[in-house]
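In what follows, a single structure is set out as structure tokens and then discussed.
In what follows, every chain begins at residue 1, and chains take the letters A, B, ... in the order their sequences are listed. Everything quoted here is computed from the prediction, not taken from an experiment.
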2 protein chains.
Amino acid sequence: MSSISVENYLKNIYELEASEKKVTTNIIADKLKIAPASVTDMVKKLSSKGFLRHVPYKGVEVTEKGKRSALKIIRKHRLWEMFLVEVLHFSWDKIDDEAEAFEHIMSERMEQKIDEVLGHPVVDPHGDPIPSKKGIIRHIEYDPLTKVEEGTVVQVVRVNDAHPELLEYISKIGLFLKTKMTVLQRIKFDNSFIVKIGSKKQFLSQRMAESIFVQRV
Amino acid sequence: MSSISVENYLKNIYELEASEKKVTTNIIADKLKIAPASVTDMVKKLSSKGFLRHVPYKGVEVTEKGKRSALKIIRKHRLWEMFLVEVLHFSWDKIDDEAEAFEHIMSERMEQKIDEVLGHPVVDPHGDPIPSKKGIIRHIEYDPLTKVEEGTVVQVVRVNDAHPELLEYISKIGLFLKTKMTVLQRIKFDNSFIVKIGSKKQFLSQRMAESIFVQRV
DNA sequence: ACATTAATTTAGGTAAGCCTAAATTAATCA
DNA sequence: TGATTAATTTAGGCTTACCTAAATTAATGT
Ligand SMILES: [Mn+2]
Ligand SMILES: [Mn+2]
Ligand SMILES: [Mn+2]
Ligand SMILES: [Mn+2]
């Protein structure tokens with residue numbers, strides 16, 4: 001089987017492909033907090049094993065084989081996040097570290113038990129899709145709050161989970177996954193928002209609004 | 001923090017002290033499935049860090065510091081075993097591997113959540129005591145079934161968890177932790193036993209009976 | 001086209017945790 | 001007591017996954 005290190009490389013490179021046009025050595029080094037020279041080493045190793053395609057000085061791509069591995073790890077990560085929230089009552093801003101480690105030691109049997117106990121969930125606590133056992137993932141492109149017109153009633157369907165501080169803040173104002181809210185005002189000066197959650201008006205900066213994805217109801 | 005390897009050495013050496021008069025390099029090597037020469041290396045390292053006391057060519061002992069570490073790991077191991085059985089519906093003969101890995105990546109926060117969800121259990125699924133958060137462990141010496149006279153009604157309070165095959169077999173005949181049974185007959189020829197579990201008579205060899213601990217009811 | 005600069009790779013190391021083979025020590029028994 | 005044997009330690013290596021510093025390459029701007 002693959003080491004923890006290898007699994008983290010594959011998962012992160014796969015995820016970077018969604019946000020970067022070219023996945024470069026430096027971008028990987030940055031994400032994994034590892035020196036660029038070390039990334040080059042590992043990238044060469046993973047290429048020779050058929051998990052990546054690497055054009056020196058150009059960038060890196062995951063192969064089909066690499067993608068399959070990445071999706072297995074992502075499935076475990078997201079199932080475990082769900083489990084932490086639903087069964088162990090963790091709050092959604094304090095689960096990433098735990099899941100980051102657990103994704104690597106979760107056996108097939110464990111994965112299945114957790115999936116059963118949770119009733120086969122299709123999204124994690126931040127609204128990210130959970131790949132199926134066969135490695136199929138359904139990407140849905142939701143609109144960020146910034147795309148929504150004043151007066152619209154929306155439901156939160158996904159929140160960028162990269163910054164726990166954002167999750168912590170929006171929890172405090174009552175904004176969770178599935179929360180419904182009305183967009184009261186977009187402030188033209190800086191593209192920030194006033195929304196109504198329950199009976200209260202709440203403020204969301206542009207940066208926040210960009211990380212909150214919604215559907216009109 | 002300590003590595004997985006270090007944690008496994010400490011836990012296993014601590015546990016070996018209960019069953020061996022002297023814990024020697026070879027005994028440790030055998031238990032951990034590591035070459036004796038490697039054990040010597042690690043033992044020297046752990047001694048220099050104050051976790052063990054080592055008299056070359058003689059044997060090894062855990063210090064108070066080493067014992068504290070060992071008990072933390074054992075607590076995590078046993079809590080997680082309990083969780084696997086109670087919440088994830090694993091059977092008691094298929095949990096040791098999972099717990100063996102998880103004991104090392106379980107954070108304090110996780111330990112606490114699990115302890116809460118389980119309602120602060122004091123024994124694991126095999127009847128072994130769970131050390132308290134402060135590292136206090138209550139050893140109770142129960143009688144093995146081999147010490148019980150014919151005709152006695154007993155309750156199972158602990159089963160040696162070292163051999164999954166034993167656990168698997170006794171589950172099949174309806175013998176679990178807390179099961180009550182009547183000792184019908186001790187066969188003098190080989191010290192095996194006939195017991196009554198529910199309405200059925202069941203056979204237990206001497207080796208089995210030695211691993212099943214009971215209390216008279 | 002060509003020099004500068006930024007990204008990337010190469011070269012040379014380190015630490016942890018393992019290994020095998022050889023040397024040493026302690027225990028046993030003739 | 002001295003020789004044999006079994007356990008243990010020492011010596012020397014290997015692999016993984018990192019690191020820093022130096023060399024190389026590609027991209028950019030004049
Ligand atoms: Mn990870
Ligand atoms: Mn998530
Ligand atoms: Mn372990
Ligand atoms: Mn147990």
Side-chain angles (χ1 to χ4, degrees), chain A residues 1-14 16-17 19-62 66 69-70 73 97 100-101 103-105, chain B residues 1-14 16-17 19-62 66 69-70 73 97 100-101 103-105:
Chain A
M1 286 289 108
S2 297
S3 70
I4 291 177
S5 213
V6 164
E7 292 189 351
N8 279 330
Y9 271 90
L10 289 176
K11 187 187 75 163
N12 281 284
I13 292 170
Y14 171 82
L16 283 169
E17 282 188 351
S19 56
E20 313 285 333
K21 31 186 162 322
K22 264 279 137 174
V23 179
T24 66
T25 302
N26 264 5
I27 289 173
I28 298 167
D30 214 67
K31 182 92 185 292
L32 296 178
K33 289 169 193 310
I34 285 170
S38 308
V39 171
T40 300
D41 275 1
M42 182 62 98
V43 158
K44 281 201 299 194
K45 198 174 91 179
L46 295 181
S47 299
S48 81
K49 290 192 177 172
F51 290 105
L52 300 177
R53 230 164 293 126
H54 180 220
V55 183
Y57 291 101
K58 290 296 186 168
V60 108
E61 265 176 17
V62 294
S69 298
I73 303 156
D97 290 349
E100 200 53 57
E103 64 190 2
H104 309 293
I105 64 152
Chain B
M1 284 290 107
S2 296
S3 70
I4 291 177
S5 213
V6 164
E7 292 188 353
N8 279 329
Y9 271 91
L10 290 176
K11 186 187 76 162
N12 282 285
I13 293 170
Y14 171 82
L16 283 169
E17 283 188 350
S19 56
E20 313 286 334
K21 31 187 164 317
K22 264 280 137 172
V23 178
T24 65
T25 302
N26 264 6
I27 290 173
I28 299 168
D30 213 68
K31 183 92 184 291
L32 297 178
K33 285 162 193 311
I34 284 169
S38 308
V39 171
T40 301
D41 275 1
M42 183 61 97
V43 158
K44 281 203 297 194
K45 198 175 88 181
L46 294 181
S47 299
S48 81
K49 289 191 176 171
F51 290 105
L52 299 177
R53 231 164 294 125
H54 180 220
V55 183
Y57 291 101
K58 290 294 186 171
V60 108
E61 265 177 17
V62 295
S69 298
I73 304 156
D97 290 349
E100 201 51 58
E103 64 190 1
H104 309 292
I105 65 153

Exercise for review: Might you point out which heavy atoms bring A:Glu103 and A:Glu7 nearest each other, and give the distance in Å?
Suggested key: O-OE1, 4.3 Å
Check your understanding: Looking at side-chain heavy atoms only, is the closest gap between B:His104 and B:Asn8 below 4.5 Å?
Key -> yes
Check your understanding: Hey, does the side chain of A:Glu20 reach the backbone of A:Ile27 with a donor-acceptor pair shorter than 3.5 angstrom?
Key -> no
Check your understanding: Where along residues 21-28 of chain A does a heavy atom fall under 4.0 Å from DNA chain C?
Key -> A:Thr24, A:Thr25, A:Asn26
Study note, to complete from the structure: Heavy-atom closest pair (A:Pro36 atom, A:Thr25 atom, distance to 0.1 Å) is O-CG2, 3.5 Å
**Study point:** Terminal contacting nucleotides, 5' and 3', DNA chain D versus chain A (heavy atom, 4.0 Å)
**Key:** D:dA17 to D:dA27
**Study point:** Point-to-point distance, once rounded to the nearest 0.5 Å, from OG1 of B:Thr24 to NZ of B:Lys21
**Key:** 11.0 Å
Point to revise | Sub-4.5 Å side-chain heavy-atom contact between B:Ile28 and B:Asn12 | key: no
Check your understanding: Minimum heavy-atom separation for B:Ala35 to B:Ala29, with atom names?
Key -> C-CB, 4.2 Å
Check your understanding: Just checking A:Ser38: base, sugar-phosphate only, or nothing, at a heavy-atom cut-off of under 4.0 Å?
Key -> base
Exercise for review: Specify the residue among A:Lys58 and A:Ile4 whose closest nucleotide of DNA chain D lies further upstream toward the 5′ end.
Suggested key: A:Ile4
**Study point:** Shortest non-hydrogen separation from A:Ser69 to A:Leu10 and the atoms involved
**Key:** CB-CD1, 3.8 Å
Check your understanding: Do you know which two heavy atoms are closest between A:Ile34 and A:Val39, and how far apart they sit?
Key -> CG2-CG2, 4.1 Å
Study note, to complete from the structure: When rounded to the nearest 0.5 Å, the distance separating NE2 of A:His54 from NZ of A:Lys44 is 8.5 Å
Check your understanding: Taking the nucleotide of DNA chain D with the closest heavy atom to each, which residue, B:Pro56 or A:Tyr57, is nearer the 5' end?
Key -> B:Pro56
Check your understanding: How would you list all residue pairs meeting salt bridge (charged side-chain N to carboxylate O under 4.0 Å, His left out) that involve residues 45-57 of chain A, not counting sequence neighbours?
Key -> A:Arg53-A:Glu61
Practice item. Please list, by residue number, the residues of residues 41-48 of chain B whose heavy atoms come closer than 4.0 Å to an atom of DNA chain D; answer none if no residue qualifies. Key: B:Lys44
Review point. Roughly how many Å is it from CD1 in B:Ile34 to C1' in C:dT20, rounded to a whole number?
Key: 15 Å
Point to revise | Validation row: B:Val6, B:Met42 side chains within 4.5 angstrom (heavy atoms) | key: yes
Review point. Given C:dG17, is OP1 or OP2 found less than 4.0 Å from the side-chain N or O atoms of B:Lys33?
Key: no
Practice item. May I ask you to check whether over 12 heavy atoms, not counting those of B:Asp41, lie within 6.0 Å of atom CG? Key: yes
Check your understanding: Of the non-hydrogen atoms in A:Leu46 and A:Tyr9, which two are nearest, and what is the gap between them?
Key -> CD1-CB, 3.9 Å
Check your understanding: What distance separates A:Ile105 CD1 from A:Ile4 CD1, expressed to the nearest 0.5 Å?
Key -> 8.0 Å
Review point. Hey, does A:Ile13 have a side-chain heavy atom less than 4.5 Å from the side chain of A:Phe51?
Key: no
Check your understanding: Going by heavy atoms closer than 4.0 Å, what residues in residues 6-13 of chain B are next to DNA chain C?
Key -> B:Tyr9
Under 3.5 Å between N/O atoms: give me all the protein pairs with nucleotides 3-5 of chain C, atom names plus distance.
none

Check your understanding: Which part of the nucleic acid, if any, lies within reach of A:Thr40 when heavy atoms closer than 4.0 Å are counted: base, sugar-phosphate only, or nothing?
Key -> base
